[in-house]
2 protein chains.
Amino acid sequence: MEPIVRDADIAPVAALIADPTRAAILTALLDGRALAAGELARVAGVSAATASAHLAKLLDGRLVGVVRQGRHRYYRLAGHEIAEVLEALAGISARPPVRSLRQSRQARQLEEARTCYDHLAGRAGVGLLDRLKEGGYYDGHDVTEAGERLLSGLGVDVAGARASRRRFAPECLDWTERRAHLGGALGAAVTEVLFERGWYRRGSVPRAVILTDAGREGLEELFASKELTSVTPVT
Amino acid sequence: MEPIVRDADIAPVAALIADPTRAAILTALLDGRALAAGELARVAGVSAATASAHLAKLLDGRLVGVVRQGRHRYYRLAGHEIAEVLEALAGISARPPVRSLRQSRQARQLEEARTCYDHLAGRAGVGLLDRLKEGGYYDGHDVTEAGERLLSGLGVDVAGARASRRRFAPECLDWTERRAHLGGALGAAVTEVLFERGWYRRGSVPRAVILTDAGREGLEELFASKELTSVTPVT
DNA sequence: GGGGCCCTTAGGCGGCGGGCGAAATGTCGG
DNA sequence: CCGACATTTCGCCCGCCGCCTAAGGGCCCC
C-alpha cells in the first residue's frame, strides 16, 4: 500500500491557471486572437515586468504560444484544448455578480453571440446548430451529404477540416445556454467563413461577435433556399 | 477602456486544484467512490490534520461533498462536472514517466479498462461504443430504437437516464485512446449494470476495472445474438 | 461511561511566489 | 547611428499558504 499509480499530474497546469493575473491573461486570449504582451499587461492590471514573468511561465507550461513580430510579441493560446479546459473551469466557477448597467449590456451581448475560442457560441451558435440539424445537414457527430454540399457551397473547406487531427465536428456544450453548438475543426472552419463573408463581425467586447445585416439575409437565404428534407427534430 | 467584461473567475477554482496534495485527493476520488478522510490523507501522503484542512477548502469551494457516517467522514467529488474538468486538465498535463515494472503493469491495466468517474473508459469503453455503433444501436448522440431495446433488455434504465438533467448520451473523449467512449447519464447507467451483473469488477488499482469471464461471454453473446443490421463503420 | 478511534481546530514555522522599479536588450524610424 | 518604444532581466520585499505537532470534540463499543 504505497504510492499506488501515477496519473497525469494536473497540479502544475492548474497552478498556472490559478494565479488571478495569469487567469485574466488566459481569459483575454479566449477569443482565439493573439495579443501583444503590453496589452495583456493592461487587461490584467499589472506592470509590464510582471506580465512578462507570467507570460514566460505560461510559455514554459505550453499553455500559450508566441509569435515575434518586430518589437512586439504576440501571445495566443497554445491550442483549442487549452480553451476547452478554460471553458470547463468556467462552467464550475462562480460567476461574479453583474454590477453596472453597462456590464449587463455586455453580458447580454455575450449571451447572444460570441466565440468559443475559434468557433461560434452563444444563442447564435446554438441556433445555427439547430438549423443544421433541422435541415438534415448534421446528425449529431457528422455532416450529412446534403450538409457537405451546403457548407462547401458556402466556401467551407470541409475536406480540409476532416483531414485535420483535431476532432471533426463534435458538439460543444455551451455554458450559458446549456445546449450544444458546433465545435471542432468544422466549427472553426464554418466560423472562419462567416467572418470572411462579413456575416458576423467582432464586437468591442473581447469575445463578442455581432450578426450583420448581410449575415441575417445570408443565413435566412441559406436555410430557406433548401426545402426541409427531413422533419425529425431531435429532442 | 477599463475593466472590460467580467467572465466567470476561474482562478479560485484552479487554485484549489493547483496544490499537489489536493490534486492527489481529487484524483483519488476520480473513480466516483467516497473515501474517508484518513484514507485520503494516506494516498496524498500527508498528516490527517493537513488533509483535513485541504478537505475543508475543497468543501468550501464545492469541489467535493461529504457524508458523515459514524465517526467516519466520507468525501466524494461534488459531481460529474468536476470529474470532467479534472479529465480535461489531465488531457493537457504532462504524463509523468513510468518508472517501475509494477507501475507500467498498472498503467497498462488502466489503459485497458477503467472508470471515467462513473462510466466505462479505456480500450474497453471505446470498444463498447464501437460495437454499439457498428450494431446500429447508437448514432453519435442518442440510442436508436434497437439500442433502447438492447439496453433495456440488459436492465439499463434508459428512460430514467433520459429524464435526468444530465446530458443523456454524449460521446466522452478518452485521453489515453484519443477516441470516444459513452458518457453522460446513459454511460453511467450502463456501467452500473455491468457491475451489477458482475461482467466487470473493480481492480486493486483505484480506477481500474477488470473484465470477468462472465462479462466476456455476456458481451459476446449480447452483440452476436443480433445480426449486424448496419455495416457503416464510422471513420 | 470510559477508553479508543476518527477527525478537526489551534499555533508556529518555513518557503515559495508574485509584486514593483530600474536597468539591460532588442527593434523600428529617421 | 540615435532616440523612442516594446519587452525582458535583475534585485528586492512581502505576504500567503502548506506543513507539522499538540490539543480538543464527536462517535462507537465494550
Side-chain angles (χ1 to χ4, degrees), chain A residues 1 3 9-29 33-78 93, chain B residues 1 3 9-29 33-78 93:
Chain A
M1 49 183 81
D9 48 336
I10 60 182
V13 182
L16 286 174
I17 309 175
D19 179 78
T21 302
R22 285 193 295 265
I25 289 174
L26 292 169
T27 302
L29 295 174
R33 284 182 301 181
L35 295 182
E39 299 181 85
L40 290 171
R42 274 194 307 107
V43 306
V46 293
S47 74
T50 302
S52 181
H54 285 303
L55 287 168
K57 289 184 181 179
L58 291 174
L59 202 57
D60 186 62
R62 313 259 178 187
L63 291 195
V64 303
V66 65
V67 48
R68 307 179 47 155
Q69 209 166 100
R71 49 186 168 181
H72 298 272
R73 294 198 184 179
Y74 292 96
Y75 289 86
R76 70 169 79 195
L77 292 188
S93 300
Chain B
M1 51 183 83
D9 47 335
I10 59 182
V13 181
L16 286 175
I17 309 175
D19 177 78
T21 301
R22 284 193 296 263
I25 288 174
L26 292 170
T27 302
L29 295 174
R33 283 182 302 179
L35 295 182
E39 298 181 86
L40 291 171
R42 274 195 306 108
V43 305
V46 293
S47 74
T50 302
S52 180
H54 285 304
L55 287 169
K57 289 183 183 180
L58 291 174
L59 202 56
D60 186 61
R62 313 257 177 189
L63 291 195
V64 303
V66 66
V67 49
R68 307 179 47 155
Q69 208 166 101
R71 48 187 170 182
H72 297 273
R73 294 199 182 179
Y74 291 97
Y75 288 86
R76 70 173 130 180
L77 292 188
S93 299

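Below, chain A is the first sequence line, B the second, and so on; all start at residue 1. Everything numeric here is computed off the predicted structure, so don't read it as measured data.
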Starting at atom [atom1] of [X], determine the distance to atom [atom2] of [N], rounded to an integer number of angstrom.
X     : N      : atom1 : atom2 : value
A:R42 : D:dT7  : CZ    : P     : 11 Å
A:I25 : D:dT7  : CD1   : P     : 12 Å
B:D60 : D:dC17 : CG    : C1'   : 15 Å
A:L16 : C:dG18 : CG    : P     : 9 Å
B:I17 : D:dC17 : CD1   : C1'   : 17 Å
B:H72 : D:dG25 : NE2   : C1'   : 16 Å
B:E39 : C:dC6  : CD    : C1'   : 12 Å
B:D19 : D:dC16 : CG    : P     : 17 Å

Ignoring hydrogens and angles, tell me if any N or O in the side chain of A:R22 forms a donor-acceptor pair with the backbone of A:L16 under 3.5 Å.
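Such a contact is found between A:R22 side chain and A:L16 backbone.
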Treating A:S52 as the side-chain partner and A:A48 as the backbone partner, does any N or O pair qualify as donor plus acceptor under 3.5 Å?
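Here the side-chain-to-backbone pair does not exist.
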If you only use heavy atoms from C-beta on, which nucleotide in C:dG18, D:dC20, D:dG18 is closest to the side chain of B:T50?
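It is D:dC20.
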Nucleotide of D:dC20, D:dT9, C:dG18 approaching A:H54 most closely (side-chain heavy atoms):
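Given the options D:dC20, D:dT9, C:dG18, the side chain of A:H54 is closest to C:dG18.
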With a 4.0 Å cut-off on heavy atoms, is [X] in touch with a base, just the backbone sugar-phosphate, or nothing at all?
X     : answer
A:A37 : sugar-phosphate
A:A53 : nothing
B:A49 : base
B:A56 : nothing

Taking only N and O in the side chain of [X], is any of them less than 4.0 Å away from OP1 or OP2 of [N]?
X     : N      : value
A:S52 : D:dT7  : no
A:S47 : C:dG21 : no
B:T21 : D:dG18 : no
A:R73 : C:dT27 : no
A:Y75 : D:dA6  : no

Quick one, A:D9 and B:T27 - any side-chain contact, counting heavy atoms below 4.5 Å?
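In short, these two side chains do not touch, never coming nearer than 4.5 Å.
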Are A:I25 and A:L35 side-chain neighbours, meaning at least one heavy-atom pair lies under 4.5 Å?
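Sidechains of A:L35 and A:I25: no contact.
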When you match A:R71 and A:K57 each to their closest nucleotide on DNA chain C, which lands nearer the 5' end?
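This one resolves to A:K57.
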Using heavy atoms to find the nearest nucleotide of DNA chain C for A:R68 and B:V66 separately, return the residue whose nucleotide is more 5′.
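The answer here is B:V66.
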Let me confirm one number: the CZ-CG distance from B:R62 to B:D60, rounded to the nearest 0.5 Å.
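So the CZ of B:R62 and the CG of B:D60 are separated by 8.0 Å.
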Which value, rounded to the nearest 0.5 Å, describes the distance between B:Y74 atom OH and B:L40 atom CG?
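Result: 11.0 Å between the selected atoms.
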